[in-house]
Amino acid sequence: MVFKAKKDSFRWAISGFVFSVFTGVGVLSYFTESDTTSLYGLGSIWLMLSILIVWILPKTTRYTFLDDHLLCQSLGFKKRIPYNALRKVEPANGFYAGWKMSTAWKCIVIHYNKYDELLISPENEEMFIQFFNAKKQRL
């Protein structure tokens, strides 16, 4: 079973934050150097980052339950978690520092092995948790 990544306004907020930082740097650069060349560079970098964050990242992120492991993919990165290593899944609360394959603010944390965690954001969280529990109980 394949679960697509959830999309919410968080990705637009990140793009807006980067835009405001780049705007501040560009304005500061313009007033100190009186040259608009840096504005074009910052604008093109912001545009590329926004395309990556807003469109490409959510399209390439998915979570797949295979025969013997859970496969989490995002861009070119893959994380395979064997079902026998899965411990629990719970909603994420607040800020999270760790391995993330999430495209939304509201997500879930998969605990596996002894201390490992992975933050993900499947589109249908309830169905994902049902599949997770079913795979965990089969062991």
Side-chain angles (χ1 to χ4, degrees):
M1 179 75 178
V2 178
F3 291 89
K4 293 181 180 180
K6 183 188 329 180
K7 302 171 191 106
D8 64 3
S9 59
F10 182 60
R11 57 199 170 115
W12 291 100
I14 292 172
S15 179
F17 176 74
V18 172
F19 178 76
S20 62
V21 169
F22 278 19
T23 301
V25 170
V27 167
L28 183 65
S29 172
Y30 176 74
F31 284 124
T32 57
E33 297 177 10
S34 297
D35 186 21
T36 60
T37 308
S38 62
L39 295 177
Y40 298 122
L42 288 171
S44 61
I45 291 172
W46 172 78
L47 183 63
M48 297 293 220
L49 283 173
S50 293
I51 290 171
L52 176 73
I53 292 169
V54 173
W55 287 291
I56 295 174
L57 193 65
K59 294 269 187 209
T60 61
T61 303
R62 60 185 167 274
Y63 318 103
T64 309
F65 284 95
L66 298 172
D67 293 334
D68 60 343
H69 64 277
L70 172 64
L71 177 64
C72 301
Q73 298 173 304
S74 184
L75 284 175
F77 299 100
K78 294 181 182 181
K79 181 69 178 168
R80 290 178 171 84
I81 306 171
Y83 293 137
N84 59 1
L86 296 174
R87 289 190 350 221
K88 68 179 178 176
V89 62
E90 65 184 3
N93 50 1
F95 289 109
Y96 180 81
W99 188 261
K100 300 177 187 177
M101 287 192 169
S102 173
T103 57
W105 181 255
K106 186 178 179 261
C107 13
I108 58 177
V109 180
I110 294 179
H111 298 272
Y112 61 99
N113 293 332
K114 190 167 185 175
Y115 299 110
D116 296 326
E117 297 175 343
L118 177 66
L119 187 77
I120 64 170
S121 58
E123 202 168 46
N124 189 342
E125 288 183 8
E126 295 81 23
M127 188 180 289
F128 182 89
I129 293 172
Q130 287 175 355
F131 266 80
F132 177 89
N133 290 330
K135 293 293 185 179
K136 187 177 171 187
Q137 288 176 353
R138 286 186 191 167
L139 300 176

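Reckoned from all heavy atoms, side chains included, excluding hydrogens, waters and symmetry mates.
Under the rule for a ring pair (Phe, Tyr, Trp, His ring centres under 6.0 Å), F132 has no partner lying at least two apart in sequence or in another chain. With sequence neighbours left out, the salt bridge (charged side-chain N to carboxylate O under 4.0 Å, His left out) criterion links K4 to no other residue. With sequence neighbours left out, K88 forms a salt bridge (charged side-chain N to carboxylate O under 4.0 Å, His left out) with E90. Among residues two or more places apart in sequence or in another chain, the side chain to side chain donor-acceptor pair (under 3.5 Å) test is passed with N113 by D116.
With values rounded to the nearest 0.5 angstrom, K135 atom NZ is found 6.5 Å from D67 atom CG. If you take CG on L42 and CZ on F19, they are separated by 10.5 Å, rounding to the nearest 0.5 Å. Distance check: L28 CG to T23 OG1 gives 12.5 Å after rounding to the nearest 0.5 Å. Rounding to the nearest 0.5 angstrom, the gap separating the NZ atom in K100 from the CZ atom in F77 is 14.5 Å.
Residues C107 and I120 share a closest heavy-atom pair of CB-O, 2.8 Å. The shortest heavy-atom contact between Q73 and M101 is N-SD, 4.1 Å.
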Going by atom type alone, with no hydrogens or angles, which donor-acceptor pairs under 3.5 Å involve a side-chain atom of residues 43-61 and a protein atom two or more places apart or on another chain?
unit_1 : atom_1 : unit_2 : atom_2 : d
S44    : OG     : Y40    : O      : 3.2
S44    : OG     : G41    : O      : 2.9
W46    : NE1    : S15    : O      : 3.0
W46    : NE1    : S50    : OG     : 3.2
S50    : OG     : S15    : OG     : 2.7
S50    : OG     : W46    : O      : 3.0
T60    : OG1    : I56    : O      : 3.2
T60    : OG1    : L57    : O      : 3.3
T60    : OG1    : L75    : N      : 3.1
T61    : OG1    : L57    : O      : 2.7
T61    : OG1    : S74    : OG     : 3.0

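I129 and V2 are assigned to two separate hydrophobic clusters, defined by single-linkage of ILVMFWY side chains at heavy-atom distances under 4.5 Å.
L66 shares a hydrophobic cluster with L71; the chain of contacts runs through ILVMFWY side chains whose heavy atoms sit under 4.5 Å apart.
The aromatic rings of F3 and F128 lie perpendicular to each other, with more than 60° between the two planes, well past the 30° mark.
Annotation: M1, atom CE; neighbour count of heavy atoms from other residues, nucleotides and ligands within 6.0 Å is above 12.
In this structure a side-chain-to-backbone donor-acceptor pair under 3.5 Å is present from K6 to K106. A distance-only check finds no donor-acceptor pair linking the side chain of S29 to the backbone of V25 [under 3.5 Å]. A donor-acceptor pair under 3.5 Å links the side-chain atoms of S121 to the main chain of T103, judged by distance alone. When atom types are taken as modelled, the side chain of Y112 and the backbone of R87 share no donor-acceptor pair closer than 3.5 angstrom.
Considering I110, T64, L118 in turn, I110 is the only one that fulfils the side chain to side chain contact (heavy atoms under 4.5 Å, CB included) rule with L70.
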